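Working notes, beginning with the structure itself.
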Amino acid sequence: MRAFGLVNPKQQLSPYEIGVVSFAFLLTATLFYLDTFTEIQSALATLYVITLLLSAETLTEKGTLLLAGVCIGLSALSYIASHGLQGDLAAALRLTVAIAAMVITSLLIIRNQRARLALIKFNADLQSSEERYRTIFEQSRVALWERDYSEVRALLMRLRDNGVSDLRAHARNNPAFIADCIARIPTVAANAAALELLGHVDAQSISSMRRYIAQDDATFLKLMVAIFNQERSFEGKGSIITSDGTTKLVLLTVGFPVEVANFNRVIVGMFDITERELAQKALFEAQAELALASRAATVGALSASLAHELNQPLGALVVNAQTLQRWLDRDPPDLAAVSRSAERIVRDSQRASEIIQSTRLMLSERTPVLETLSLADLVSETQSLMESEFAKYRIVFETCETPGMNKVSAARIELQQVLINLFTNALQAMAAMPEDLRRISVTIEPTENQSVSVMVHDSGPGLSTEILKDLFKPFCTTKATGLGMGLAICRSMLEARGGTLTASNHAEGGALFQMIVPIEAIHE
């Protein structure tokens with residue numbers, strides 16, 4: 001019968017089940033005999049229900065249906081044998097009631113079998129899930145605890161119901177509150193990693209975590225606040241004290257169940273982050289030292305920048321002072337020339353002062369005063385400042401501006417510093433050229449991006465490929481006495497205001513530097 005799927009798939013039937021099945025078959029045979037060969041006028045066939053009930057625990061659903069069919073067939077056979085095809089109405093009704101009783105009983109048995117099988121499967125799945133959970137819990141290298149938070153949650157909810165709205169204030173006003181909460185949280189279970197985290201302690205010694213929580217640790221109170229506010233999870237950094245007295249930093253994670261009844265077994269995870277925190281602290285200290293070294297390097301770079309930028313106005317001051325001295329030594333002194341030299345001394349002194357002021361603004365990270373100015377006028381003004389140098393080197397200076405050019409909003413002193421650097425570099429680059437070939441051309445024209453282009457072209461030998469590659473890097477220079485800071489500073493100043501500075505070689509020879517200056521100021 002087991003081969004045909006009629007009997008429950010067990011390894012063997014117990015003696016009790018064998019006895020029940022045997023009795024059911026004997027009862028079936030007895031009922032058939034009494035119903036067929038005796039004159040008893042009652043619904044004996046209804047008693048076949050007993051056979052079905054006795055076999056319900058042993059037979060499968062298929063077996064129950066087959067047995068019900070057999071019982072119904074026997075009842076019909078008994079009716080035909082006793083009454084023939086022309087039986088009376090009373091006997092037919094008794095047969096109908098018996099068949100209905102067997103059908104209903106069979107359906108109820110099948111429903112009960114299905115419910116029983118579903119329950120068995122559910123229990124098996126639950127047991128399998130519990131086994132998987134236990135395997136993960138025990139074998140995980142993350143420190144895991146199962147703790148009973150039901151009692152402490154009930155305490156916190158009572159406080160909430162009694163009008164406590166600020167749990168931190170309540171804890172400050174009640175010094176014993178934290179200790180009371182810790183005592184209300186027993187440990188149900190802990191895995192090997194948890195015992196190792198606490199210093200390879202015995203599982204029996206961690207029923208309470210009171211001795212392992214640092215006295216000044218605020219994380220436990222934050223955890224209580226999370227439960228008090230009915231949050232779904234908690235994560236925070238805290239400190240624990242191991243069995244040997246070592247303090248460890250841990251990351252605590254807790255997920256709170258939705259059902260209140262499940263607070264009796266809450267999973268708590270702890271990650272030892274002591275080494276990570278120490279490494280992060282070392283990193284912060286290294287970054288602080290690096291910042292200090294960077295500031296020292298910045299001071300050095302600014303010193304070099306100041307030396308480079310002040311060289312021109314201070315040199316002009318010396319030349320103008322010597323010129324003034326010569327005019328005064330004449331007999332009689334040429335007072336008009338003295339006055340012009342004095343004016344140039346004042347002008348160059350003001351320029352040196354502006355350079356120092358601009359450097360102070362960069363150090364204080366304050367934005368310099370922006371002016372609306374014409375680049376053509378600025379180029380002309382810069383040409384006047386360097387008039388003596390142009391005359392000394394016999395330089396032909398040309399300016400070409402596209403008609404109707406817009407003015408730009410910029411820091412005058414910064415743009416003038418860039419122009420002076422470019423003009424000075426051009427002068428020095430053409431020093432070895434014949435005097436009749438020394439020329440500086442400045443072209444001012446609009447660009448497509450609401451900017452103005454200022455191109456400075458000299459007639460010098462141009463720039464080599466090696467120099468072009470590193471031209472704007474600090475301390476890159478082609479001059480024996482140069483610092484190599486000028487172009488790096490110029491590009492930084494322009495880029496800080498949204499502009500650019502590039503270099504190339506002109507198709508007709510010589511170096512070509514292009515400044516792109518935005519028409520609208522870049523506000524920081």
Side-chain angles (χ1 to χ4, degrees), residues 305 308-309 312-313 316 347-348 350-355 357-359 361-362 367-390 395-427 429-430 438-460 471-472 486-506 508 510-524:
S305 169
H308 183 278
E309 298 299 323
Q312 193 275 335
R347 180 197 66 190
D348 293 330
Q350 288 176 341
R351 169 151 179 75
S353 176
E354 289 173 348
I355 291 173
Q357 181 64 24
S358 176
T359 304
L361 288 174
M362 285 192 293
T367 304
V369 178
L370 303 180
E371 304 176 43
T372 302
L373 50 87
S374 165
L375 288 177
D377 292 344
L378 185 64
V379 169
S380 178
E381 180 184 325
T382 307
Q383 179 188 0
S384 298
L385 285 173
M386 300 185 67
E387 183 179 357
S388 60
E389 284 87 349
F390 289 155
I395 300 296
V396 176
F397 191 91
E398 299 175 336
T399 302
C400 178
E401 181 186 23
T402 301
M405 285 296 304
N406 291 320
K407 294 184 177 182
V408 298
S409 180
R412 175 185 294 272
I413 184 63
E414 289 184 356
L415 288 185
Q416 198 166 67
Q417 282 180 261
V418 176
L419 288 172
I420 288 175
N421 269 283
L422 297 181
F423 294 164
T424 302
N425 288 343
L427 288 174
M430 294 185 292
R438 297 173 185 173
R439 182 181 301 274
I440 294 177
S441 300
V442 179
T443 304
I444 305 171
E445 59 186 18
T447 67
E448 297 179 355
N449 301 318
Q450 292 296 307
S451 302
V452 178
S453 169
V454 180
M455 290 180 285
V456 179
H457 173 216
D458 64 55
S459 58
L471 187 61
F472 294 99
L487 291 177
I489 294 169
C490 290
R491 172 177 273 189
S492 297
M493 286 192 296
L494 283 172
E495 289 180 347
R497 309 295 169 221
T500 60
L501 177 62
T502 58
S504 62
N505 287 312
H506 197 276
E508 298 177 1
L512 177 66
F513 287 84
Q514 183 179 30
M515 297 166 49
I516 300 296
V517 183
I519 293 175
E520 295 294 331
I522 302 297
H523 299 286
E524 297 179 350

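Everything numeric here is computed off the predicted structure, so don't read it as measured data. Along the sequence shown, the residues carry numbers beginning at 1.
- Put simply, the side chain of Q417 does not reach to within 4.5 Å of the side chain of C490, judged on heavy atoms.
- Among all heavy-atom pairs drawn from M455 and Q514, the shortest one is CG-CG, 3.7 Å.
- Residues S374 and M405 have side chains not in contact (no heavy-atom distance under 4.5 Å, counting atoms from C-beta outward).
- Put simply, OG on S409 and CD1 on I519 are 11.0 Å apart, with the number rounded to the nearest 0.5 Å.
- Between the NZ atom in K407 and the CG atom in L378 there is a gap of 12.0 Å [rounded to 0.5 Å].
- Side-chain contact check for L427 versus F390: some heavy-atom pair is nearer than 4.5 Å.
- Interatomic distance, CG of N406 versus CG of L375, reported as 10.5 Å (0.5 Å rounding).
- Of all heavy-atom pairs between V442 and F397, the closest is CG2-CZ, 3.7 Å.
- Inter-residue side-chain proximity for V418 and F513 is flagged as unmet; no heavy-atom pair is nearer than 4.5 Å.
- Annotation: side chain of I420 is in contact with side chain of Q416 (closest heavy-atom distance under 4.5 Å).
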Tell me, with the steps shown, if N505 and L512 meet side-chain contact (heavy atoms from CB on, under 4.5 Å). CA-CA 5 Å; N505 287 312; L512 177 66; over 6 Å; no
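- Of the possible polar contacts, none joining the R439 side chain to the V396 backbone as a donor-acceptor pair under 3.5 Å is found.
- In this structure, P518 and S451 approach most closely via the heavy-atom pair CA-OG, 3.7 Å.
- Between the side chain of D458 and the main chain of A511, a donor-acceptor pair closer than 3.5 Å is present.
- Within the model, atoms CD of Q383 and CD1 of I395 stand 11.5 Å from one another, a figure rounded to the nearest 0.5 Å.
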Let me see the working for M515 and L415 under side-chain contact (heavy atoms from CB on, under 4.5 Å), right down to the final yes or no. CA-CA 10 Å; M515 297 166 49; L415 288 185; 3.9 Å; yes
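- In this structure, OG on S459 lies 11.0 Å from CD on E508, to the nearest 0.5 angstrom.
- Considering OG1 of T402 and CD1 of I444, their distance stands at 8.5 Å, rounded to 0.5 Å.
- Using cut-offs of 30° and 60° for the angle between ring planes, the H506 and H457 rings count as parallel.
- E398 and S441 are linked by a side-chain donor-acceptor pair at a separation below 3.5 angstrom, with hydrogens and angles left out of the test.
- The two atoms that bring T447 and S453 nearest to each other are CG2-CB, 3.6 Å, heavy atoms only.
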